[in-house]
Amino acid sequence: GYRVSLQGNFFGRNHTYVTFPEYNPRKHIKLDPPLNIQSNATASKCQIWWSVWNVPWYLAEILEYELQYKEYSMSWEVALNKTLPSSLPQVEIEATEIRSGIAYAARVRCKVSENENSYHSQWSEWSQTTVFQRADVPKVSRKILNTKTMQFLFIPLSFGTLLYLFWNCKLSSRYCCFLTLGQKASPALKFPRQLLSFNHSIVCTMGTLR
């Protein structure tokens, strides 16, 4: 450690004051702010990365970062803060945390991790800002998604309808046979031909959707 003292001349006399009887530089660190902060936003997430300067390698491995971001038009006083769990100089913001079509500004600062006992530091100054905007989901993709959804819904509904009609046709045939007791078959027995025609129309409709 070091001993820090203050010397001065007061009222014509020299005085020495001991400011820090035992000063340890490792416990009083303030790092330079991160540099070269950049961002890349897509429809699903936003990636932000940066670099640190003039930091020894043994400190770079135990740094922690705090990210601050806000809508570009808002004040930093209402910004969201996020302490990052990793010492890597990068972070991802999920799409659910930002609104599409809105410009955002972000900045970051660093210090030695609180879990480190050998060193202690205060937060650095904030870095320069980076501006990003989440991309919208293309309208073509939405149209394709809606078409596929309709096809997936149409297939089980059509199958269920066929089963329902077939079951009703079968029950109607048995019921008619029971009532007539050998008489001429009821027109209900001709229903399978109508069922085949209905099935053919469904297949044609599915081919049109594709």
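Quick caveat, the model's predicted, so the values are computed rather than measured.
Side-chain atoms of S113 do not come within 3.5 Å of backbone N or O of L63 as any donor-acceptor pair. Not a single donor-acceptor pair under 3.5 Å links the side chain of S87 to the backbone N or O of I62.
Closest heavy-atom contact between S39 and I48: CB-CG1, 4.0 Å. Closest of all the heavy-atom pairs between E125 and P34 is O-CD, 4.3 Å. Y104 and I98 make their closest contact through OH-CA, 3.6 Å (heavy atoms, listed as atom of the first residue, atom of the second, distance). Heavy-atom minimum distance, I37 versus Q128: CG2-O, 3.1 Å. Heavy atoms only, all atoms of each residue included: L67 and A106 are closest at CD1-CB, 4.2 Å.
Cluster membership check: L31 does not share its hydrophobic cluster with W126, using side-chain heavy-atom separations under 4.5 Å among Ile, Leu, Val, Met, Phe, Trp and Tyr.
Using a 3.5 Å distance cut-off with no hydrogens or angles, the side chains of Y69 and E97 do pair a donor with an acceptor.
Rounding to the nearest 0.5 angstrom, the gap separating the CG atom in L59 from the NZ atom in K111 is 14.0 Å. With rounding to the nearest 0.5 Å, the separation of CD in Q122 from CD1 in I29 is 10.5 Å. Here E92 contributes atom CD and L84 contributes atom CG; the two are 11.5 Å apart, rounded to the nearest 0.5 Å.
Stacking of R107 on the aromatic ring of W50 is not recorded, the 6.0 Å distance cut-off and the 45° axial limit not both being met.
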Decide side-chain contact (heavy atoms from CB on, under 4.5 Å) for N40 and F132; before the verdict, give the C-alpha distance in whole Å, the side-chain angles of both, and the deciding distance to 0.1 Å.
CA-CA 7 Å; N40 180 40; F132 60 91; over 6 Å; no
One pair to check against salt bridge (Lys or Arg N to Asp or Glu O under 4.0 Å): K70 and E77. What are the steps and the verdict?
CA-CA 9 Å; K70 66 178 182 69; E77 295 179 355; over 6 Å; no
After noting the C-alpha distance and the side-chain angles of Q68 and W76, does the key distance pass the side-chain contact (heavy atoms from CB on, under 4.5 Å) rule?
CA-CA 8 Å; Q68 192 176 58; W76 285 109; 3.4 Å; yes
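Using a cutoff of 4.0 Å between basic side-chain nitrogens and carboxylate oxygens, K45 and E94 are not scored as salt-bridged.
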